[in-house]
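The model shown is predicted, which means the values in this text are computed figures rather than measured ones.
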Amino acid sequence: MSENNVVKFIITRQDSPEEESYTEEFEIPYRANMNVISALMEIRRNPVNAAGKETAPVNWDMNCLEEVCGACSMVVNGKPRQSCTALIDNLEQPIHLEPMKTFPVVRDLIVDRSRMFDSLKKVKAWIPIDGTYDLGPGPRMAENKRQWAYELSKCMTCGVCLEACPNVNNNSEFIGPAAVSQVRLFNSHPTGEMNKEERIESLMGEGGLQDCGNSQNCVQSCPKGIPLTTSIAALNREMTVQSFKSFFGSDK
Amino acid sequence: MPENREYFNRRLHSLLGVIPIGIFLIQHFIVNHFAVYGASSFNAAASFMESLPFRYALEIFIIFLPILYHAIYGLYIVFQGKNNTRRYGYFRNWMFLLQRVTGVFLLIFIAWHVWETRVQAALGVDVNYDMMADILSSPWMLAFYIAGVLSATFHFANGLWSFAVSWGITITPRSQLIMTYVSIGVFVVLSFVGIRAILAFINPDLANI
């Protein structure tokens, strides 16, 4: 592409959480190796829309710029993904940018992903190691187990799987695939396993894994390639076993 | 189990879809299939089913209540989802949508079908080959019944697939893929049995056998 080329954007904007959204078009000069974030930075430097009118710069969220933090997720040309790895050269123009509307929009492309962090708290996605005395080293983890558990640990709570899920919306309490897979991660850890039942019980609560409708959009959309639907089915089995155990009774 | 009510309801919905509703669907189609051997064959099979002991208890506990629960809770599940096949046109997402579309259609179809046959039977009308031949003589009703049969077989076959995932039977992507093939097989076989029975009711050669 020549130096004179421009990149066209159609951006869904919203001035505050309560206000209606609207779209605004932008044309910015092309530079080699641009990504969506560097284009948004260009708009911030020179906040003029395609009509030549000065406007408020577009707001977005970002942090690591290398697809490991999940903060810059947005809907790029219809698909939720991280804007830092959305290279302009690979995108069809005009490039449509929208916030992930499954979450409450804070402003423009910034959304509030708090529900994801609340879900992690709900399913106890951590390993309790605190005690009143030194508990000593924990049990060892088998290497083959560590390898697949590592894949699950790549989750960055970016929200793409929740955005893609038809059952995560304001009509449902469903916690979504991300937190479910974290239960599998922490239950596979030799120390975390000691609190396995608590996590499974929490997954069986309101908005739990039973709300999954198996559309499997999550596993298709996950930018980290996490086997989310395998985690879902594996935990479905755990829930079945747990419900039989707790109804008919068994030693823990 | 009060804190796990939603879990219990959802799993009950999944279980009832297969046992007894799925089993009943197969049995119903097999009895209908007697029509292929002629009117008297079908009438004999239908009156045998009608003469089963404990008929009302069987109907209420194996057919009506499970279907009623499955339908009402299923409708609640439909309203919880927001379909997005336009944006995510993956195979499983389409199956997710079709499962809901066929479910809602079946609610209408089965209500009509029960009114036309079981309720009429309770009002003293004889349910036999001629009754079905009469209903299906209208091309609209024929299309409605064929759509009903295909919806039922699809909903059952695809429901078997998600049953296997929801109860944690198929976990790996490979086992889920093979279950997809199995469910396609169930769909094809049951559709064949169901459609063949319907076509037997509009075949004038079979009416007097």
- Message: Looking at every heavy atom in both A/A233 and B/T170, which two are closest together, and how far apart are they?
- Response: CB-O, 3.4 Å
- Task: For A/G207 and B/E6, work out which heavy atoms get closest and say how close.
- Result: N-OE1, 2.9 Å
- Message: So which atom in B/Y88 and which in A/K79 form the shortest heavy-atom distance, rounded to 0.1 Å?
- Response: CD2-CE, 4.0 Å
- Message: Quiz question: by atom type and distance under 3.5 Å, do the side chains of B/K82 and A/N167 form a donor-acceptor pair?
- Response: no
- Message: Shorter than 4.5 Å, heavy atoms on both sides: which option in A/T230, A/T229, A/D211 has the most such pairs with chain B?
- Response: A/D211
- Which heavy atom of B/N84 sits nearest a heavy atom of A/A164, and at what distance? ND2-O, 2.9 Å
- Could you tell me which of A/V168, A/I232, A/L235, A/N171 has the largest number of non-hydrogen atom pairs under 4.5 Å with chain B? A/N171
- Should the heavy atoms of other residues, nucleotides or ligands under 6.0 Å from CZ of B/F61 be counted, would the total exceed 12? no
- Would you say A/F117 has more than 12 foreign heavy atoms packed within less than 6.0 Å of its CZ? yes
- Query: In terms of heavy-atom proximity below 4.5 Å to chain A, should B/I169 be classed as side chain, backbone, both, or neither?
  - Reply: backbone
- May I have the step-by-step check of side-chain contact (heavy atoms from CB on, under 4.5 Å) for A/Q216 and B/Q176, ending in yes or no? CA-CA 11 Å; A/Q216 303 207 332; B/Q176 293 183 1; 3.0 Å; yes
- Task: For A/Y22, look at atom OH and say whether over 12 heavy atoms of other residues, nucleotides or ligands are found less than 6.0 Å away.
- Result: yes
- Message: Testing the 3.5 Å rule here: is there a donor-acceptor pair between the side chains of B/Y7 and A/S243?
- Response: yes
- Which heavy-atom pair separates B/V165 from A/N236 by the least distance, and what is that distance? O-ND2, 3.1 Å
- Note on the structure: Residue from B/G168, B/S162, B/S14, B/P173 scoring the most non-hydrogen pairs under 4.5 Å with chain A is B/G168
- Query: Quick one: what part of B/R92 sits under 4.5 Å from any heavy atom of chain A, side chain, backbone, both or neither?
  - Reply: both
- For chain A, which of B/R11, B/R87, B/Q80 has the most heavy-atom pairs under 4.5 Å? B/R87
- Of all pairs that satisfy side-chain hydrogen bond (donor to acceptor under 3.5 Å, both in side chains), the ones with a partner from residues 173-191 of chain A, not counting sequence neighbours: A/S181-A/S231, A/R184-A/S231, A/N187-A/R199
- Query: Which region of B/Q99, side chain (C-beta onward) or backbone (N, CA, C, O), has a non-hydrogen atom less than 4.5 Å from a non-hydrogen atom of chain A, or is it both or neither?
  - Reply: neither
- Item | Part of B/W94 lying under 4.5 Å from any heavy atom of chain A | neither
- Part of B/F91 lying under 4.5 Å from any heavy atom of chain A: neither
- Message: Would you say CD of A/E92 has more than 12 non-hydrogen atoms from neighbouring residues, nucleotides or ligands within 6.0 angstrom?
- Response: no
- Item | Selection from B/S175, B/A164, B/S166 maximising heavy-atom pairs under 4.5 Å formed with chain A | B/S166
- Task: Side chain from CB out, backbone as N, CA, C, O: work out which of these in A/N214 comes under 4.5 Å of a heavy atom of chain B, or both, or neither.
- Result: both
- Rounded to the nearest 0.5 Å, what separation is found between the CD atom of A/E201 and the CG atom of B/N4? 5.5 Å
